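Encoded as structure tokens, the structure appears first; notes follow it.
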Protein chains: 2
Amino acid sequence: MDKDISQAVIGRLPRYLRYLGELKDKNVERISSSELSVLMKVTASQIRQDLNNFGGFGQQGYGYNVDYLYSEISKILGLEHQYNFIIIGAGNLGKALGGYLNFEKRGFMLKGMFDKAPELIGTEVRGVKVMPMEELPSFIRNNNIDIAVLTIPKEGAVPVSKVLVDNGIRAIWNFAHVDLDLPEYVQVENVHLSDSLMKLSYNISSYNENNGGK
Amino acid sequence: MDKDISQAVIGRLPRYLRYLGELKDKNVERISSSELSVLMKVTASQIRQDLNNFGGFGQQGYGYNVDYLYSEISKILGLEHQYNFIIIGAGNLGKALGGYLNFEKRGFMLKGMFDKAPELIGTEVRGVKVMPMEELPSFIRNNNIDIAVLTIPKEGAVPVSKVLVDNGIRAIWNFAHVDLDLPEYVQVENVHLSDSLMKLSYNISSYNENNGGK
DNA sequence: GTAGAATTGACAATATTTTAACATAAGTTG
DNA sequence: CAACTTATGTTAAAATATTGTCAATTCTAC
């Protein structure tokens, strides 16, 4: 059904959703692409073009209904589904993500956590126990897990990702600092925090060089 | 000096650096753009084009010297500097980032953590004490802080970012789920984790729709 | 209800990014 | 050391993405 929407467009949808959510909270009923473009600091053309990839959600002479557009974008992003997820790696980052309540509001339900460190087994995050890695395969198969979050050091990430996929996982949110090499039917979203920090570093240096700073 | 390098190019540099680091570890001395393109699953053209934004680092008939290219990209990214950073928000995510030792290897030194919750004041991450927000302005001014990492809920992020900038901060790594509106001389790198998760959600739904899945 | 204002969706025009092609320079082999 | 191979840097072409324009439609006010 879907043609091929570019990832650049997909990448902007969550931001639209965020602004529309804020407008909803302020009980704003309707908004035009040009008003929204001022708020978001993008062109009105881009907003209209992005939305029209998915259909015509607006009305000429009126603009867009905030509630309606919000719910349509939610649907596009697949947020009306409920997803079960597990976290592999119960270190600080794993615990931080597991403890983040807002994910649950969006339909992402934490079902289990895993770690190989014996001292972490049995500890809890929001009532979810950390289990040993040995239990991972059977747990995935028996609990309808949609998404695995990988928060382990890069050394273990590739082999663990293969175990995940072998047991039926089709989506991985990867925080390990390595690229996973998996079949095309597995959706992988990488969050490489060091890369992001290096980008910041570049922009600091580059700004300083161009402005005679230190 | 620098012309205007697109952020798309900058965004790819850390990945090049990562692969070159791995090659260094394996004592590979030289590599051609086409060999690297196979490893990284990008076109050789893109690699050459990206690098030539910054100068000619290779040699015809030979390729690129791995050590040399690694160090050049490091310089481009500003990683030969040392940066002092602080973390605002000592929750799970703040602690996770504060505890991440690899940042220090890259020259990012954790100098302080701040939180408004009284029960967190005085706790430590790697020997760095969590301080109350009241001490933030003077601490920034007296300790040569380059980067502030924002790991607080979105409600507080905008006002706190203004305090940071008023006291001399020129770079923010923003994990709060809100866009900061700051002067152009402040470099902001956003990490919107929910946005990333929504992208994954989209790709799951979209794949399923196009392949007759659930 | 009619005239004028507002605003979309579609399309056209730009701009940017990515990929391909190739002349040129350096390395390699016999 | 000459012929051949390799592989860059650069320029050109193709593909994508963004922005601008405008006819058509709906809203709004009188």
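Computed from a predicted model, the values in this text were never measured in an experiment. Lettering of chains follows the sequences in order, A, B, ..., and the numbering in each one begins at 1.
- For B:R126, the side chain to side chain contact (heavy atoms under 4.5 Å, CB included) test picks out B:L101, B:E104, B:L110, with sequence neighbours left out.
- A:Q46 places its CD atom 13 Å from the C1' atom of C:dT16, with the value rounded to the nearest Å.
- Using a 4.0 Å heavy-atom cutoff across all strands shown, B:S34 reaches no nucleic acid atom at all.
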Report, one line per pair, each donor and acceptor closer than 3.5 Å where one atom sits in a side chain of residues 165-172 of chain B; sequence neighbours left out.
from   : atom 1 : to     : atom 2 : distance (Å)
B:N167 : OD1    : B:R141 : NH1    : 2.3
B:N167 : ND2    : B:V163 : O      : 2.8
B:R170 : NH1    : B:V165 : O      : 3.4

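- Within the structure, a side-chain polar atom (N or O) of A:N52 is placed less than 4.0 Å from OP1 or OP2 of C:dA10.
- The CG-P distance, from B:D50 to C:dT16, rounds to 17 Å in whole Å.
- Here the side chains of A:L97 and B:L193 are in contact, with some heavy-atom distance below 4.5 Å.
- Here the side chains of A:H192 and A:V178 are not in contact, with every heavy-atom distance at 4.5 Å or above.
- Along DNA chain D, the stretch of nucleotides lying under 4.0 Å from any heavy atom of chain B spans, 5' to 3', D:dT6 to D:dT11.
- By the side chain to side chain contact (heavy atoms under 4.5 Å, CB included) test, B:V160 is found to be paired with B:I88, B:M133, B:L150, B:I152, B:L164, residues two or more places apart in sequence or in another chain being considered.
- When the nearest nucleotides of DNA chain D are assigned to A:A8 and B:Y64 by heavy-atom distance, the more 5′-ward of the two goes with B:Y64.
- For A:E72 and C:dG9, the CD to P distance is 12 Å, given to the nearest whole Å.
- Contact annotation: the side chain of A:Y100 approaches that of B:S194 to within less than 4.5 Å [non-hydrogen atoms, C-beta and beyond].
- The only member of B:F85, B:F103, B:F108 that meets ring pair (Phe, Tyr, Trp, His ring centres under 6.0 Å) when paired with B:W173 is B:F103.
- Residue B:T43 is in sugar-phosphate contact alone, with no base atom involved, counting any heavy-atom pair closer than 4.0 Å across all strands shown.
- For residues 65-78 of chain A, the side chain to side chain donor-acceptor pair (under 3.5 Å) pairs, not counting sequence neighbours, are A:Y70-A:R106, A:E72-A:K75.
- Residue-level contact check: B:S32 touches the backbone only, with heavy atoms under 4.0 Å from sugar-phosphate atoms and none from bases.
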Please encode protein proximity along nucleotides 22-30 of chain C as a string of B, S and -, counting only heavy-atom distances under 4.0 Å.
--BBBSS--
